[in-house]
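When reading the values below, keep in mind they use all heavy atoms of this one structure, side chains included, and skip hydrogens, waters and symmetry mates. Quick note on labels: first sequence line is chain A, next is B, and so on, each numbered from 1.
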Amino acid sequence: MESTRTIAALSSAAGVGAIAVIRLSGPQAFSIVEKCIDSGRAFRDSPARHVKLYRFICPSSGKPVDQITAVKFFGPNSFTGEDMVELFCHGGEIVVEKVLSVLIGEGAYPARRGEFARRGFCNNKFDLMHAEAFLGMIESRSGKEYESSLEALMGTSAGRLVGWRERVKALLRDVDASIEFPEEDDVRKSSSRYIERIVEIRKEIEMEVEARGKSHIIEKGIIIPIVGVANAGKSSLFNMLVGYERSIVHWQEGTTRDGVGEEVHIGGERVTILDTAGLRDTDDPVEKLGIRKTIEYVSKAAQVIWVTPANSPMTHIEESLILEKAMGKIAVVISKKDLAEGAEKAEMCGEKKIPFIRSCLIDKGARDALVDFVAEVVKSRIGSLETSSLIRTKRHEIIAKRIIEELKGGEKAVAEGEEILAASLRRVLADFGELVGDTTNEDILDSIFSRFCIGK
Amino acid sequence: MKFDVIVVGGGHAGIEASYIAGKRGLRTLLITSHLDLIGQMSCNPAIGGIAKGNIVREIDALGGAMAKITDVAGIHFKMLNQTKGMAVWGNRAQADKKTYRTLARKVLESQPMIFLLQGLVVGIVSEGGRASAVMMDSGEEIQATSVVLAMGTFLNGVAHIGLTSFPCGRLGEPPSKYLTESLTELGVQSGRLKTGTSPRIDGRTVDHQKMSVQHGDAKPWPFSFSSERPPENRSVCWITKSSSETHKIILSNLDRSPLYTGKIKSRGPRYCPSIEDKVVRFGERDGHTLFLEPEGLDTNEMYLNGLSTSLPFDVQVLLVHSVPGLERAEVTRPGYGIEYDFFPPTQLWPTLESKVLKNLFFAGQINGTSGYEEAAAQGLIAGINAAEKILGGELLVLGRETSYIGVLIDDLVTKGTQEPYRMFTSRAEHRLVLRQDDADERLMPIAYQKGLISKEVFDARKRVWNLKTEYKRRLFDEKISPENWNNGASASSVIRTKTQASQLLKRPEVGIDDILSAIGEEIEDREVRLGVEADIKYSGFVEKEKERLEQFRRMENEAIPETFEYQSLQGLLAESKAKLSQIRPRSLGQALRIPGVTPADISVVMMYLSKQKHVSRETTVNQ
């Protein structure tokens with residue numbers, strides 16, 4: 001069977017670093033490492049969670065391979081629930097490869113992707129939500145993602161989920177108590193407000209599912225179109241943010257006909273910056289298409305950057321297509337030739353409380369200030385998006401939606417009878433079980449006896 | 001002297017075990033410490049209730065005696081939960097204790113193959129890994145092919161009244177000694193549990209003015225599916241409440257309570273706490289409800305339900321006097337706590353046969369349960385299987401989805417119990433399909449096929465089922481037009497087009513009588529009428545549960561051989577291995593219900609099972 005195999009793998013990132021961490025897990029973890037250490041006995045006698053320095057050797061040749069430190073974890077008190085060793089060697093690629101190949105030569109199997117976590121899960125070291133949380137933590141590419149995974153990992157959000165489950169449990173407890181003990185005064189008094197209680201829970205879950213929609217956007221990185229009239233300097237700004245010349249910058253109007261996008265990290269967040277076709281009246285069918293696309297981007301985007309030249313008055317197209325459609329999610333870059341220009345537009349932004357910057361786009365020295373401005377805009381935008389730290393994956397979403405439907409059924413069932421309602425609530429608890437662990441009939445009875453004074 | 005079946009104990013488990021074995025024509029001996037007390041109701045004088053009433057119906061469907069005795073011995077019948085759906089109705093009867101005993105004994109004596117013996121069994125004799133005889137206190141051995149043990153609270157029983165304790169099986173009767181030790185020697189493990197009962201009072205000294213009366217149903221429902229005449233209400237119960245004075249008395253006397261001084265160490269039932277427990281854990285509230293139940297028709301003695309206690313006698317008298325209406329009541333017998341031996345039921349197969357010793361069956365309170373009905377149900381199954389061992393048929397194991405008895409026994413042998421186990425409807429995951437009114441449809445086909453009920457009984461019930469089917473078909477075919485319906489219908493049940501009668505009946509606000517009058521039909525038999533209504537009303541919800549039910553059945557049908565070796569399995573935690581090896585579940589479904597066994601464990605077992613199947617198929621091919 002697979003989990004009697006002892007597995008080994010590099011646990012830190014591949015590549016060069018000061019140290020690398022290699023993990024072993026399984027019944028032979030200790031004995032394998034012991035063989036590969038010059039003074040094997042010192043390792044054997046070392047207690048759990050003690051760090052010691054050893055000479056790592058190749059047992060067959062006796063040749064030293066590296067100087068390492070190693071820590072033992074005795075199952076079940078380890079990440080996987082099995083005996084485990086964490087071994088710290090020097091971080092060179094060759095060193096790591098040599099150490100690993102020695103371990104494998106002594107009987108360890110190369111671990112498959114996620115195998116350590118899976119063993120931990122199978123050995124009941126953590127639940128699925130938890131496993132997903134630290135996977136999310138490792139894989140998070142945006143600050144927001146990191147935060148929601150952290151919240152899940154530290155258990156604060158799971159607490160809310162458990163809270164819902166507990167409330168459904170309490171509801172079922174009251175319904176069941178009323179069925180089991182119809183003659184007990186104590187029970188009769190509390191069997192009420194069923195519908196309100198269900199609706200309350202359902203609405204909270206619905207809000208969370210909605211927020212999930214938004215976090216989904218963040219996971220993918222929010223898209224920020226740069227819009228403006230033709231030749232306002234959009235492509236210059238785009239190139240400046242992306243860091244190299246991607247869009248063709250040309251003084252002829254209408255150079256960028258389709259949107260050009262690039263993923264960048266700004267202010268710790270992953271965003272996709274989109275250069276768009278300039279807005280102007282045109283008869284060119286291709287350009288018209290490009291403009292229609294730009295308008296679509298504006299209406300869909302969570303954040304829009306509007307570049308407008310300082311030295312020309314606002315066009316009606318800017319007014320109707322940008323200011324109106326993007327109000328509330330817009331930041332303005334007033335491109336100027338010198339300090340004196342653009343005062344009216346700046347004043348307008350100030351009045352409407354729109355964040356803006358006046359910047360000379362062709363000046364290389366303006367870059368830092370611009371990047372800071374955009375980073376600030378991105379940060380406050382992402383911060384304003386409400387996200388769900390509970391419903392983070394498709395799996396969560398599917399189950400949450402099932403729960404919502406079942407709760408709606410429960411609202412109807414109140415009229416149909418308490419036993420029907422109870423059946424519906426049991427199905428809800430079974431669904432919660434898939435997320436945070438099972439509720440048994442025993443749990444409900446325990447809850448009845450601790451809440452009500454039963455005893456005819 | 002040799003018998004086919006020996007049953008030890010004449011309580012509710014012992015009665016059913018010997019009755020069914022005798023009915024099947026086996027030479028059966030019932031041994032009890034007191035022949036006049038067969039069928040004694042040691043605690044309250046009631047049979048049935050929520051879930052429990054359902055068990056009594058199931059016992060009747062399987063050919064047992066309890067329902068028939070209760071229908072005659074009952075003096076106050078009440079169907080509980082009638083304001084809720086029929087799936088959770090439960091019939092309850094107050095019984096005349098003396099009549100119950102008389103009838104129980106009569107039922108046994110009416111069977112030519114059942115013999116009774118007064119005496120004390122002190123040991124089990126085994127031969128080649130199976131029980132072969134019982135040892136009497138006289139030293140005599142009585143041989144039998146199967147032995148059913150049903151000794152209730154008698155094994156090393158110790159009663160507590162205040163800080164005084166004394167050996168006792170039931171108040172006034174000696175305990176049974178040595179039998180636990182004999183079983184322990186054979187390798188059976190034992191534990192200790194506690195239960196208690198309330199003081200009884202003299203009904204002549206009760207002031208009914210200060211209490212409210214509880215009448216039985218206007219038209220009582222019978223327990224038995226083949227009772228000859230309808231049961232009758234011949235008495236009433238009374239309801240009162242504890243007072244703040246009761247509360248004070250208890251709190252100031254906790255230092256004389258065996259429960260609170262630590263004298264009683266074993267665990268008692270949470271659903272039937274002593275009044276001490278209620279007051280300490282829940283405070284005074286606005287009084288704890290108490291019921292006065294008649295012990296019988298030709299006695300004034302009344303049972304004070306809700307006041308179970310093991311406080312000293314003088315405190316009990318004060319307690320009783322603190323209750324409105326009982327200020328001058330005379331106590332006839334004190335309440336008491338009792339500690340007794342039980343044998344953790346995880347040592348049994350789901351047939352109730354011991355895993356330690358073949359042909360030895362355990363039933364009732366010695367398995368850690370409480371309640372007459374739970375005991376009777378186990379007695380019946382133990383008796384059926386003790387007989388089947390001799391007759392050579394397949395042993396009977398009922399599923400959780402077909403009966404409360406199935407739930408009861410599966411819970412016991414799979415999970416064991418920490419407190420005296422009582423049945424609740426919420427223990428059944430498929431509650432909606434375990435109605436008390438259709439226990440016959442669920443179980444009689446099995447019972448008939450196993451020879452537990454007669455052809456006449458089965459045929460009579462088949463006629464009722466056919467009648468129901470016919471009416472259901474009619475309601476399915478019949479359409480109701482708006483003109484016939486809307487006149488007089490409530491706003492929510494108004495229809496716009498012709499609607500199928502059964503469809504209309506599914507609406508929560510519509511009842512069968514509305515439908516019948518709309519289509520000009522009449523169903524005279526109340527049982528048939530309400531049965532048809534329930535079948536139709538629940539059909540949609542049962543359909544909704546179907547997937548769950550089928551998934552459940554699939555897991556139940558994945559059999560694990562009795563000899564399956566868990567120790568050698570790789571990939572299982574030592575703890576899981578130990579649990580699986582102890583319980584030795586018969587199916588993957590049962591394995592999943594063992595506390596602490598995870599789905600991951602089950603998938604390992606599953607893999608090995610399919611591997612084994614594969615191997616055995618290959619070997620067959622090679623041969």
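For the atom pair CD of A:Glu183 and SG of B:Cys237, the computed distance is 8.5 Å after rounding to the nearest 0.5 Å. The structure places NZ of B:Lys84 at 12.0 Å from CG of A:Leu421, a figure rounded to the nearest 0.5 Å.
Counting heavy atoms from C-beta on, the side chains of A:Phe181 and B:Ile50 never come closer than 4.5 Å. Counting heavy atoms from C-beta on, the side chains of B:Ser426 and A:Ile179 never come closer than 4.5 Å.
More than 12 heavy atoms of other residues, nucleotides or ligands shown are found within 6.0 angstrom of CD on A:Glu200. Taking a 6.0 Å sphere around NZ of A:Lys408, one finds it holds more than 12 heavy atoms contributed by other residues, nucleotides or ligands. For CD of B:Gln418, the number of neighbouring non-hydrogen atoms (other residues, nucleotides, ligands) closer than 6.0 Å is 12 at most. In B:Phe552, the CZ atom is crowded: over 12 heavy atoms of neighbouring residues, nucleotides or ligands sit closer than 6.0 Å. Around CD of B:Glu565, the count of heavy atoms belonging to other residues, nucleotides or ligands within 6.0 Å exceeds 12.
Contact detail for A:Ser178 and B:Asn81: the closest heavy-atom pair is O-OD1, 4.1 Å. Between B:Pro508 and A:Ala415, the closest heavy-atom pair is CB-O, 3.5 Å.
Within the 3.5 Å criterion, the main-chain N or O of B:Leu432 finds no donor-acceptor partner in the side chain of A:Glu419.
For B:Thr195, there are no side chain to side chain donor-acceptor pair (under 3.5 Å) partners two or more places apart in sequence or in a different chain. Checked against side chain to side chain contact (heavy atoms under 4.5 Å, CB included), B:Arg548 has the following partners two or more places apart in sequence or in another chain: A:Arg427, B:His430, B:Glu545.
Only the side chain of B:Lys78 comes within contact range of chain A, with at least one heavy atom under 4.5 Å from a heavy atom of that chain. Contacts between B:Phe541 and chain A at a heavy-atom distance below 4.5 Å involve the side chain alone, from C-beta outward. Only the side chain of B:Lys241 has a heavy atom closer than 4.5 Å to any heavy atom of chain A.
A salt bridge does not link A:Glu180 with B:Arg422: none of the charged nitrogens is closer than 4.0 Å to a carboxylate oxygen. The pair B:Arg427-A:Asp176 does not count as a salt bridge, with every side-chain nitrogen at least 4.0 angstrom from each carboxylate oxygen.
Your options are B:Asp601, B:Thr425, B:Val88, and the one with the most heavy-atom pairs under 4.5 Å with chain A is B:Thr425.
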